[in-house]
K.L.:
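This is the structure, below, for whatever I ask next.
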Amino acid sequence: MVLAFGDSLTAGFGVKDEESYPSQLQLKITSAGLPHEVINAGVSGDTTAGGVRRIRWLMKHNPDIVILALGANDGLRGLSVDEMRGNLETMIEICSEHKARILLAGMKALPNYGEDYMNAFESVFPELAGKYNLTFLPFLLEGVAGEREHTQPDGLHPVASGYRIVTELVWKTLQPMLQK
């Protein structure tokens, strides 16, 4: 089982359920003849602190793989990078305790809070991927964020075409994990 654990980007904010990346991943997994079920555990507006509150309960599903895609809202709100790092580490450790492998999706910060914040924020994801030897997707919204034809008017949340791009990015990273 694959647990897609994240915020509105995982939940599929503003699009039909079947257009979210977890729903599209399920179609790819099924058409590849793989037995895995994808559970969409995305909650719009969630931060890494919210993820810490939810992760133990979600482990009842006994996922083989957790797609950990949280942090975007921490960055949008200018929350502490150190707290975000600690929250992500807590979630990684809980997943590991439950023998779940992790695909960590990196996020980028908007320049609103300055270059120092942006650099510190963005460095957390590759740092943790290296520290915990995680499968790493550098940026969940690569080729989507800020692209008018692929995003809702806010320039952040994908429309259906944007989610197709996100699905392909996640699939390329996830597929080798499913073969193990």
K.L.:
Measure the spacing between CG of Leu88 and CE of Met107 and express it to the nearest 0.5 Å.
P.N.:
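The CG atom of Leu88 sits 9.5 Å away from the CE atom of Met107.
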K.L.:
For the pair Lys99 and Asp64, find out whether any cationic side-chain nitrogen is under 4.0 Å from an anionic carboxylate oxygen.
P.N.:
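Looking at Asp64 together with Lys99, the answer is no, because their closest N to O distance does not fall below 4.0 Å.
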K.L.:
Enter the distance from Asn40:CG to Asp17:CG here, rounded to the nearest 0.5 Å.
P.N.:
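Spacing of CG (Asn40) from CG (Asp17) equals 7.5 Å.
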K.L.:
Could you tell me the separation between the CZ atom of Phe13 and the CG atom of Asp154, rounded to the nearest 0.5 Å?
P.N.:
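So the CZ of Phe13 and the CG of Asp154 are separated by 7.0 Å.
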K.L.:
What is the distance from atom CG of Leu103 to atom CZ of Phe5, rounded to the nearest 0.5 Å?
P.N.:
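Output value for this atom pair is 14.0 Å.
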K.L.:
Taking only Lys NZ, Arg NE, NH1 and NH2, and the carboxylate oxygens of Asp or Glu, determine whether Lys28 and Glu168 approach each other closer than 4.0 Å.
P.N.:
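Yes, this pair counts.
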K.L.:
Leu25 versus Tyr21: any side-chain heavy-atom pair under 4.5 Å?
P.N.:
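Yes, side chains in contact.
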K.L.:
For Pro126 and Phe136, which heavy atoms make the closest approach, and how far apart are they?
P.N.:
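Taking every non-hydrogen atom into account, N-CZ, 3.6 Å.
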K.L.:
Measuring only between side-chain heavy atoms, which start at C-beta, is Arg77 closer than 4.5 Å to Thr47?
P.N.:
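The answer is yes; the side chains approach within 4.5 Å.
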K.L.:
I would like to know whether Trp171 and Ile29 meet side chain to side chain contact (heavy atoms under 4.5 Å, CB included); could you show each step before the answer?
P.N.:
CA-CA 9 Å; Trp171 176 243; Ile29 288 169; 3.6 Å; yes
K.L.:
Are the side chains of Leu137 and Leu104 in contact, using a 4.5 Å heavy-atom criterion?
P.N.:
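Counting from C-beta outward, Leu104 and Leu137 never come under 4.5 Å.
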K.L.:
Does Gln26 reach the main-chain N or O of Val38 with its side chain, forming a donor-acceptor pair under 3.5 Å?
P.N.:
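Such a contact is found between Gln26 side chain and Val38 backbone.
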K.L.:
Considering all heavy atoms of both residues, which atom of Ala49 and which atom of Asn87 are nearest to each other, and what is their separation?
P.N.:
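Ala49 and Asn87 have their closest heavy atoms at N-ND2, 3.4 Å.
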K.L.:
Hey, does His150 have a side-chain heavy atom less than 4.5 Å from the side chain of Pro158?
P.N.:
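Side-chain contact under 4.5 Å: no.
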K.L.:
List the atom of Ala145, the atom of Phe139, and the distance in Å for their closest heavy-atom pair.
P.N.:
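Distance-wise, the nearest heavy atoms are CB-CZ, 3.9 Å.
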K.L.:
Are the side chain of Tyr117 and the backbone of Pro111 linked by a donor-acceptor contact shorter than 3.5 Å?
P.N.:
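Checked: no pair found.
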K.L.:
Of the non-hydrogen atoms in Gly50 and Asp46, which two are nearest, and what is the gap between them?
P.N.:
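Heavy atoms only, the tightest pair is CA-OD1, 3.1 Å.
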K.L.:
Taking atom CD of Glu83 as the centre, does the number of heavy atoms from other residues, nucleotides or ligands within less than 6.0 Å exceed 12?
P.N.:
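No, the 6.0 Å shell around CD holds no more than 12 heavy atoms from other groups.
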K.L.:
Taking Ile65 as the starting point, is it possible to reach Tyr132 by hopping between hydrophobic residues whose side chains are less than 4.5 Å apart?
P.N.:
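Both belong to a single hydrophobic cluster.
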K.L.:
Answer yes when Glu142 and Lys108 have at least one side-chain N-carboxylate O distance shorter than 4.0 Å, and no when they do not.
P.N.:
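Looking at Lys108 together with Glu142, the answer is no, because their closest N to O distance does not fall below 4.0 Å.
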K.L.:
Give the intermediate values and the outcome of side chain to side chain contact (heavy atoms under 4.5 Å, CB included) for residues Ile94 and Met59.
P.N.:
CA-CA 8 Å; Ile94 290 168; Met59 287 295 106; 4.0 Å; yes
K.L.:
What closest approach, in Å, do Gly45 and Asn73 show between heavy atoms, and which atom pair accounts for it?
P.N.:
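Nearest pair, atom of Gly45 first, then Asn73: C-ND2, 3.3 Å.
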K.L.:
Strictly distance-based, threshold 3.5 Å: is any side-chain N or O of Asp74 a donor or acceptor partner for the main-chain N or O of Thr48?
P.N.:
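Present.
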K.L.:
How about Glu115: does its CD atom have over 12 heavy atoms from other parts shown lying under 6.0 Å from it?
P.N.:
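Atom CD in Glu115 is not packed in, count stays at 12 or less.
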K.L.:
Same cluster or not: are Val170 and Val43 linked, directly or through other Ile, Leu, Val, Met, Phe, Trp or Tyr residues, by side-chain heavy atoms under 4.5 angstrom apart?
P.N.:
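As far as the 4.5 Å side-chain criterion goes, Val43 and Val170 are not connected within one cluster.
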K.L.:
Is a side-chain N or O of Thr30 found less than 3.5 angstrom from the main chain of Leu27, in a donor-acceptor match?
P.N.:
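The answer is no, because no donor-acceptor pair under 3.5 Å joins these two groups.
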K.L.:
I want to check something: taking the side chain as every heavy atom from C-beta on, are Arg56 and Glu97 in contact at a cut-off of under 4.5 Å?
P.N.:
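Heavy-atom side-chain distance check passes, below 4.5 Å.
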K.L.:
Between Ser20 (side chain) and Lys16 (backbone), is there a donor-acceptor pair under 3.5 Å?
P.N.:
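Answer holds: no.
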K.L.:
Would you say CG of Asp116 has more than 12 non-hydrogen atoms from neighbouring residues, nucleotides or ligands within 6.0 angstrom?
P.N.:
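Open: at most 12 neighbouring heavy atoms sit under 6.0 Å from CG of Asp116.
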K.L.:
Taking the side chain as C-beta and beyond, is there a heavy-atom pair between Met118 and Tyr113 under 4.5 Å?
P.N.:
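No. Closest side-chain heavy atoms not under 4.5 Å.
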K.L.:
The test is salt bridge (charged side-chain N to carboxylate O under 4.0 Å, His left out); show your working for Arg164 and Glu19 and say whether it passes.
P.N.:
CA-CA 8 Å; Arg164 285 192 292 277; Glu19 293 172 334; 5.9 Å; no
K.L.:
Got Leu140 and Val166 here, is their nearest side-chain heavy-atom distance under 4.5 Å?
P.N.:
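Leu140 vs Val166: side chains touch.
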K.L.:
Looking at Val144 and Gly162, what are the two nearest heavy atoms and their distance?
P.N.:
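Shortest heavy-atom contact: CG2-O, 3.5 Å.
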K.L.:
Would you say Leu9 ends up clustered with Leu76 if hydrophobic residues are merged whenever their side chains have heavy atoms under 4.5 Å apart, either directly or through other cluster members?
P.N.:
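Per the 4.5 Å side-chain linkage, Leu76 and Leu9 are not co-clustered.
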K.L.:
Could you go through the side chain to side chain contact (heavy atoms under 4.5 Å, CB included) check for Ile67 and Leu174 one step at a time?
P.N.:
CA-CA 9 Å; Ile67 301 169; Leu174 178 65; 4.3 Å; yes
K.L.:
Is the side chain of Gln152 donor-acceptor paired with the backbone N or O of Val159 at a distance under 3.5 Å, no angle test?
P.N.:
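No; zero donor-acceptor contacts below 3.5 Å.
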K.L.:
Whether the side chain of Arg54 engages the backbone of Ala41 through a donor-acceptor N/O pair (distance < 3.5 Å, no angle test) should be reported.
P.N.:
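Yes, the answer is positive, given that a donor and an acceptor are paired below the 3.5 Å cut-off.
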K.L.:
Spell out, as yes or no, whether a donor-acceptor pair under 3.5 Å connects the side chain of Asp7 to the backbone of Ser44.
P.N.:
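Checked: no pair found.
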K.L.:
Between Val15 and Ile39, is there shared hydrophobic-cluster membership here, with clusters defined by ILVMFWY side-chain heavy atoms closer than 4.5 Å?
P.N.:
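Result: yes, single cluster for both.
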K.L.:
Is Met84 linked to Leu79 within one hydrophobic cluster, defined over Ile, Leu, Val, Met, Phe, Trp and Tyr using a side-chain heavy-atom separation of less than 4.5 Å?
P.N.:
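Different clusters.
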K.L.:
Looking at Arg101 and Met177, would you say the former's side chain and the latter's main chain have a donor-acceptor pair under 3.5 Å?
P.N.:
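Yes: the side chain of Arg101 pairs with the backbone of Met177.
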K.L.:
When rounded to the nearest 0.5 angstrom, what is the spacing between CG in Leu3 and NE2 in His98?
P.N.:
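If I round to the nearest 0.5 Å, the distance is 11.5 Å.
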K.L.:
Any donor and acceptor pair, going by atom type alone, linking the side chain of Glu149 with main-chain N or O of Ser161 inside 3.5 Å?
P.N.:
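Flag not set: sc Glu149 to bb Ser161 has no pair under 3.5 Å.
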K.L.:
Are any non-hydrogen side-chain atoms of Thr151 and His157 less than 4.5 angstrom apart?
P.N.:
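No - every pair of side-chain heavy atoms lies 4.5 Å or more apart.
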